[in-house]
Amino acid sequence: MMTPSISLVSKIPLRLKPNRVWRSYRGGKLLDTLEGNKSATDSHFPEDWIGSAVEAINPEGYGRPGEGLSTVQLQDHEEQLLHLFNETPVYFFGQEHVERYGNKPEFLVKFIDSAEQLHFQCHPTKAFSKEKLRSPYGKFEAYYVLQVRPDSEFGEVYLGFQRPPERDQLKKLIEEQRIGEIAACFDPVKVRPGDVIVVPGGTPHALGAGVLLIEILEPSDWVVRFEFSRGDFVLPQKDRFMGRDLEFALDVFDLESKSQQDINNHFCCKPRTMASLPNAKREALIGPDKTDCFVVWKTSWSGHVRREVKAFCIIIVLKGECRLGGADGQTELLNQYDRVIVPHGLGFLEMEASEDCEILECYPPHSHPEKELFVSC
Ligand SMILES: O=P(O)(O)OC[C@H]1O[C@](O)(CO)[C@@H](O)[C@@H]1O
């Protein structure tokens, strides 16, 4: 049975409002522009958390209570997405997901718009979090690169040590903040629009400056920062190592050397075409061969297609303009970088685009987008 809130939003995909989050690095000018802000500027709000049921962890005095949690506009009021999920979990996620994971998506999606390089950092694996942090989530993350800022031809990502220090040496470099020597442990990887990269827990990394991307990640905000200040902000002691000490934080690191070949084979994802029609194509970008934390596909089409919906999904328009709707005939007009939630209970997705349109589709773990067949076109 649908509750009042849900019946108000009807069965069309749910459009998500901007949801900017305070971070210790700067960026967000492009996100301001997308929101129609005439005095767009880089600030400490470089991220937009999409369809989020996750609260951000920020240094004391920064951000606001509940920062990170998404809201949606209903007919006459704004509602926290988490409340809607709790009201009708089976409508959003389906019975199997609710039994296995509960009332949340089990993954998180963000826009990241970096004006400066992020802190050198490392996230725990799920196994580490379960054992040492009493949390079911690590922070496996993935990037779909959208744009690099106009003054650069490509962006950069530091990804796994190519010349790993010994544990004791790394400890010293961190204690003494010898950032040049830390940077020299990496050969930064060039990234361009359309590139897809995964960053497993344990991998030391940092996103470079001037990159707009979609990040898909485990639903947590766990981070070990082994660089304490960037730009104008110095991270307080307790925000560096997840509230613990450096010795604890060093256990998070994967200190194996990662060669260029390792990066190509394990961190870079090559799209695989899974379904193709004269006017539509679906590609798997990130699947079970890379992670069991989420699934990411891309669909491109023109004209009209109708697709089955068998799982909760967050959709972001990558290119073009389209109308998406449910079986009741109501549709939502979406432009580039608009994002919606498609509840499991929608049944069918009607997709209409006059020109070539591309959407990114992010699914919970163990979803099977290949079962969502095109039923007409
Ligand atoms: O440590 P920083 O620079 O605040 O970066 C944190 C950000 O880095 C990321 O982990 C991306 O690498 C984001 O998910 C997160 O918000």
Side-chain angles (χ1 to χ4, degrees), residues 19-28 31 42-52 54-63 67-70 107-126 129 137-146 155-160 174 177 179 182-183 186 188-189 191 195-243 249 252-254 267 291 293-294 362:
N19 179 27
R20 301 288 289 275
V21 173
W22 192 95
R23 299 278 85 177
S24 49
Y25 68 97
R26 293 173 64 84
L31 301 179
D42 287 313
S43 68
H44 277 285
F45 290 87
E47 300 188 2
D48 183 329
W49 292 18
I50 301 170
S52 166
V54 178
E55 248 186 271
I57 303 174
N58 274 322
E60 212 175 319
Y62 294 90
E67 182 130 313
L69 297 170
S70 289
F107 66 102
L108 175 60
V109 182
K110 303 175 175 179
F111 279 135
I112 293 187
D113 173 22
S114 62
E116 60 191 5
Q117 188 195 305
L118 275 62
H119 301 86
F120 284 114
Q121 58 188 269
C122 190
H123 306 299
T125 59
K126 207 188 277 292
S129 292
Y137 309 115
K139 197 171 161 213
F140 185 108
E141 58 191 38
Y143 308 149
Y144 181 95
V145 180
L146 294 171
E156 284 186 337
V157 181
Y158 294 80
L159 200 53
I174 296 174
Q177 285 293 282
I179 299 306
I182 289 178
F186 298 88
V189 177
V191 292
D195 285 351
V196 186
I197 284 174
V198 295
V199 186
T203 310
H205 67 282
L207 174 66
V211 185
L212 176 70
L213 56 76
I214 297 169
E215 184 184 30
I216 309 100
L217 59 156
E218 278 187 80
S220 89
D221 206 10
W222 292 123
V223 53
V224 166
R225 277 101 166 201
F226 52 112
E227 180 178 17
F228 306 155
S229 73
R230 270 274 155 199
D232 61 358
F233 191 79
V234 181
L235 279 163
Q237 179 75 39
K238 76 177 188 36
D239 297 288
R240 298 172 184 171
F241 310 132
M242 305 185 298
V252 171
F253 286 77
D254 174 356
F267 296 154
T291 180
C293 296
F294 43 78
C362 310

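Only a predicted model underlies this, so the values are computations on that prediction, with no experimental measurement involved. As the structure lists them, so they are numbered: ligands from 1, and atoms in each ligand from 1.
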Heavy atom of Phe120, distance to ligand 1 below 4.0 Å
no

Within-4.5 Å side-chain heavy-atom neighbours: [X] and [Y]:
{"X": "Ser24", "Y": "Arg225", "value": "yes"}
{"X": "Val145", "Y": "Val211", "value": "yes"}
{"X": "Lys238", "Y": "Pro59", "value": "no"}

Taking Glu47 first and then Lys110, would you say they form a salt bridge - that is, a charged N and a carboxylate O separated by under 4.0 Å?
yes

Atoms in ligand 1 flagged as close to [X], the criterion being non-hydrogen separation under 4.0 Å:
{"X": "Leu118", "answer": "3 (O), 5 (O), 7 (C), 8 (O), 11 (C)"}
{"X": "His123", "answer": "10 (O)"}
{"X": "His205", "answer": "12 (O)"}
{"X": "Arg23", "answer": "15 (C), 16 (O)"}

Short N or O distance, Tyr25 and ligand 1, threshold 3.5 Å exclusive:
no

With only distance considered, is Trp49 within less than 3.5 Å of ligand 1 through an N or O on each side?
no

Looking only at protein heavy atoms, identify the closest one to [atom] and say how far it is in Å.
{"atom": "atom 15 (C) of ligand 1", "value": "Glu47 OE2, 3.4 Å"}
{"atom": "atom 9 (C) of ligand 1", "value": "Gln121 OE1, 3.5 Å"}
{"atom": "atom 3 (O) of ligand 1", "value": "His119 ND1, 2.5 Å"}
{"atom": "atom 10 (O) of ligand 1", "value": "Lys139 NZ, 2.7 Å"}
{"atom": "atom 1 (O) of ligand 1", "value": "Arg225 NE, 2.6 Å"}
{"atom": "atom 4 (O) of ligand 1", "value": "Ser24 OG, 2.9 Å"}

Any donor and acceptor pair, going by atom type alone, linking the side chain of [X] with main-chain N or O of [Y] inside 3.5 Å?
{"X": "Glu227", "Y": "Phe120", "result": "yes"}
{"X": "Ser220", "Y": "Gly138", "result": "yes"}
{"X": "His44", "Y": "Arg23", "result": "yes"}
{"X": "Ser114", "Y": "Gly210", "result": "yes"}

So, Glu60 versus Tyr62: side-chain donor-acceptor pair below 3.5 Å or not?
no

Is a donor from one side chain sitting under 3.5 angstrom from an acceptor on the other, for Glu218 and His123?
no

May I ask you to identify, for Tyr143, whether its side chain, its backbone, both or neither come under 4.0 Å of ligand 1 on a heavy-atom basis?
side chain

Is it the side chain (CB and beyond), the backbone, both or neither of Glu141 that lies under 4.0 Å from ligand 1, heavy atoms counted?
side chain

